[in-house]
Number of protein chains: 2
Amino acid sequence: MTTGKITIQDIAQLAGVSKTTVSRVLNQRPDVNPETRERILQIMDQQGFFPSLAASGLAGGRSRLIGALVSVIHWPLIPEIMRGIAEVIDQSPYELVLYSVNAGNDQKDYSDVIERILATKLTAGILAIYPGQSAAHLAELCREGFPLVMFDDQINPPEDISWVGADQKAGAYAATRHLLQQGHRRIAHIQGPLQFQVSLDRYQGYCDALAEAGIEVEPELVLQGDFMPTGGKECTTQLLQALEKRPTAIFAASDLMAYGVLSTITEYGLRVPEDIAVIGYDDIPFSRHAQPALTTVRQPLHEMGKRSIELLLQMIDPPEIKVRPWNHKSALRLQDAMAAPVLPASPVHIKLSTSLVVRASCGATQHSL
Amino acid sequence: MTTGKITIQDIAQLAGVSKTTVSRVLNQRPDVNPETRERILQIMDQQGFFPSLAASGLAGGRSRLIGALVSVIHWPLIPEIMRGIAEVIDQSPYELVLYSVNAGNDQKDYSDVIERILATKLTAGILAIYPGQSAAHLAELCREGFPLVMFDDQINPPEDISWVGADQKAGAYAATRHLLQQGHRRIAHIQGPLQFQVSLDRYQGYCDALAEAGIEVEPELVLQGDFMPTGGKECTTQLLQALEKRPTAIFAASDLMAYGVLSTITEYGLRVPEDIAVIGYDDIPFSRHAQPALTTVRQPLHEMGKRSIELLLQMIDPPEIKVRPWNHKSALRLQDAMAAPVLPASPVHIKLSTSLVVRASCGATQHSL
DNA sequence: CTGTTAGCGCGTTCAA
DNA sequence: TTGAACGCGCTAACAG
């Protein structure tokens with residue numbers, strides 16, 4: 001516990017070598033005598049030595065920090081995402097710096113935060129979680145070669161940016177199709193704000209399923225919400241007021257909106273799912289405890305979190321070429337690989353699949369777990 | 001956007017002064033010619049200059065990073081807390097580094113993480129959120145003069161540690177008292193794990209209210225849960241099995257457990273609140289959307305988050321003495337103040353008050369918002 | 001394989 | 001009120 005402030009210097013003295021050598025083993029360089037390396041490593045952890053990130057960052061020109069740009073820190077999906085991220089970070093030499101934009105108002109531009117991140121040169125890369133409007137800024141960063149990964153929510157397909165997302169269209173398709181299979185024909189859809197790509201994708205999935213069933217999309221059955229319970233309430237009220245043309249099922253683009261849907265339906269003296277079936281989207285931890293338990297589309301958030309940070313770390317430290325130059329051919333390939341500029345590599349797009357979680361709210365007979 | 005890498009050097013040249021002077025205005029030193037200062041400041045933000053945190057940390061021996069030690073990153077209370085923290089951090093020159101312990105297992109010891117935090121000397125202080133078992137370690141840190149604030153959950157009252165918490169006892173007291181006022185006499189309490197101070201405090205509040213009403217605590221009505229829905233389910237099942245001695249109200253020590261209580265009661269064909277009233281604890285965002293809407297005790301998490309980080313920042317940068325040395329007396333006081341060692345200051349304890357949020361689940365006639 | 005020499009960008013002495 | 005010089009702890013060229 002009395003880990004005062006051991007430096008490379010100290011280790012070097014104890015091991016009887018120069019600081020350079022210690023630095024080398026620290027950075028996993030191959031060119032160190034195995035015995036020496038072993039001895040140094042031993043001394044290091046027996047002394048409880050950790051290099052100063054500040055110093056190594058300064059000297060090496062690279063940082064050991066990853067910036068996580070979180071737009072809406074209190075969004076219910078965040079914890080699960082962060083859990084995935086933390087798992088990976090814990091196993092890496094990197095630390096996570098949390099940049100929370102939008103701690104106050106919604107309309108705030110992120111550019112100043114981004115500017116600051118870059119200018120302080122504090123982080124080696126950025127993971128942008130639900131970047132929303134600032135996607136453009138970020139894309140520019142990417143083009144300049146700054147390691148950056150976006151977590152979902154890509155507007156105007158930024159081709160040159162790497163992202164990890166979920167198959168929103170397929171998720172919405174599955175949800176809608178499930179309702180159709182239950183015999184529903186009048187299925188309403190409450191969208192999220194159209195400025196988000198996910199809203200469009202989910203709407204598309206909804207349309208696809210209807211089209212497949214030969215049903216035309218009725219404009220009155222498609223309302224725009226705000227992802228929040230309030231929006232769900234308002235839209236549902238509107239839907240229920242059209243007495244003779246009420247839908248028999250409502251597919252909300254977020255669980256939060258679905259909560260508003262559920263309570264509004266109840267307030268109208270109607271029952272879920274007997275009178276109206278409801279499906280949400282996200283599978284927020286609470287949804288299984290809703291009454292009735294909410295059928296919803298689960299996004300593999302934990303997995304997405306892991307994959308996104310893994311991808312980012314990979315962009316920062318490109319994995320070593322495993323091929324050893326035993327012969328001309330492989331030597332040549334190694335040369336090529338090392339000669340090639342690594343940064344403007346082709347962007348990686350990872351789209352994970354969603355899954356429909358069937359619970360009581362959609363009328364299926366399944367148990368609610 | 002092309003904020004490449006402007007250094008103090010550049011600013012100094014543009015302003016026609018030495019780097020030292022620029023550094024001075026950066027650190028808000030008073031001994032700079034006002035005109036010069038103004039000019040430099042202007043150039044700085046017209047150039048979009050931000051000092052390198054790494055370099056200034058190295059040189060100055062102090063960091064601009066705050067470490068947030070979060071034990072259970074996916075705990076539903078976290079987002080709201082983080083929102084408060086982010087708000088304050090955004091307004092400060094500090095950044096937040098997220099140390100998530102327990103990304104995997106529960107029993108993991110935090111000491112290695114703490115060790116790492118200290119050894120890398122990366123952070124200027126630590127905010128420990130729900131530190132749980134590692135409180136002892138942290139207390140030691142405090143004693144060594146390291147700036148540290150604990151967010152709630154203090155076990156074995158660590159006197160020399162500063163913390164921010166909520167008045168758990170009063171919250172539980174209010175909840176129980178409310179039930180008593182509704183006429184309930186057999187009130188069960190589902191505790192959280194007893195290793196957490198909050199569990200004990202809430203239990204105490206429960207007992208106090210009963211005692212005040214002249215009711216003895218019945219051991220069969222006090223069960224130990226795990227803060228999770230599952231625990232709520234199990235305990236409720238146990239309570240309901242004692243047919244003739246069923247409670248008429250259940251006070252759960254967390255909203256999550258209350259969800260389990262609600263669903264179990266429903267499964268038993270009973271109604272809330274007609275047959276059994278339910279009150280939870282925390283006021284998780286979702287609780288207002290539960291069916292029936294959950295009466296609960298709200299902790300001012302956002303405020304607590306703000307206060308805790310503010311306190312920590314204050315410990316790191318003790319506020320300047322405002323008194324200017326215009327005369328002998330004040331000059332003397334200034335001297336004294338500056339001579340005194342700042343670090344081992346007396347610990348600050350902030351306890352914010354909770355509030356009962358009455359909704360449908362406890363049988364009050366109030367609307368559920 | 002190893003040591004030596006320079007800095008990284010900034011804060012902090014000093015002296016002016 | 002200002003500037004020059006030194007060093008924080010480490011990495012990155014070089015040479016050996």
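Just so we're on the same page: letters track the sequence lines, and every chain starts at 1.
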Undergrad: What salt bridge (Lys or Arg N to Asp or Glu O under 4.0 Å) pairs are there with at least one residue in residues 43-61 of chain B, not counting sequence neighbours?
TA: none
Undergrad: On DNA chain C, check which nucleotide each of A:T36 and B:S52 is closest to and give me the residue with the more 5' one.
TA: A:T36
Undergrad: Quick check: closest heavy atoms across A:S162 and A:P347, and the distance to 0.1 Å?
TA: OG-CA, 3.3 Å
Undergrad: Please list, in numerical order, the residues of residues 19-32 of chain A that have a heavy atom closer than 4.0 Å to any atom of DNA chain D.
TA: A:T20, A:S23, A:N27, A:R29
Undergrad: Indicate yes or no for a side-chain donor-acceptor contact from A:H349 to the backbone of A:I161 under 3.5 Å, with no hydrogens or angles considered.
TA: yes
Undergrad: Run the side-chain hydrogen bond (donor to acceptor under 3.5 Å, both in side chains) test against A:T123 and tell me which residues pass, sequence neighbours left out.
TA: none
Undergrad: Can you pull the side-chain hydrogen bond (donor to acceptor under 3.5 Å, both in side chains) pairs that have at least one residue in residues 51-67 of chain A, sequence neighbours excluded?
TA: A:R64-A:Y94
Undergrad: Could you tell me which residues satisfy side chain to side chain contact (heavy atoms under 4.5 Å, CB included) with B:K19, sequence neighbours excluded, listed by chain and number?
TA: B:I8, B:Q9, B:A12
Undergrad: For B:E303, check salt bridge (Lys or Arg N to Asp or Glu O under 4.0 Å) against everything at least two apart and list the hits.
TA: B:R307
Undergrad: For DNA chain D, report each stem as range with range, ordered by first number, or say none. Use Watson-Crick or G-U wobble pairs under 3.5 Å, at least 3 in a row.
TA: C:1-4 with D:13-16, C:6-16 with D:1-11
Undergrad: Short question: side chain of A:S308, backbone of A:M304 - any donor-acceptor pair under 3.5 Å?
TA: yes
Undergrad: Does any N or O in the side chain of A:D90 come within less than 3.5 Å of the main-chain N or O of A:E87, such that one atom is a donor and the other an acceptor?
TA: no
Undergrad: On DNA chain C, which is the earliest and which the latest nucleotide, 5' to 3', with an atom closer than 4.0 Å to a heavy atom of chain A?
TA: C:dC1 to C:dG9
Undergrad: A:I40 CD1 to D:dC10 C1': how many Å, rounded?
TA: 15 Å
Undergrad: Do any of residues 53-61 of chain A sit with a heavy atom less than 4.0 Å from DNA chain D, and if so which?
TA: A:A55, A:S56, A:A59, A:G60
Undergrad: Minimum heavy-atom separation for A:L141 and A:I126, please, with both atom names.
TA: CD1-CD1, 4.4 Å
Undergrad: Which atom pairs, donor and acceptor, lie under 3.5 Å between side-chain atoms of residues 27-39 of chain B and protein residues at least two apart or in another chain?
TA:
| unit_1 | atom_1 | unit_2 | atom_2 | d |
| --- | --- | --- | --- | --- |
| B:N27 | ND2 | B:S23 | O | 3.2 |
| B:N33 | OD1 | B:E35 | N | 2.8 |
| B:R37 | NH2 | B:R29 | O | 2.5 |
| B:R39 | NH1 | B:A15 | O | 2.4 |

Undergrad: Would you please name every residue forming a side-chain hydrogen bond (donor to acceptor under 3.5 Å, both in side chains) with A:T20, sequence neighbours left out?
TA: none
Undergrad: Restricting to ring pair (Phe, Tyr, Trp, His ring centres under 6.0 Å), what partner residues turn up for B:F151, sequence neighbours left out?
TA: B:Y130
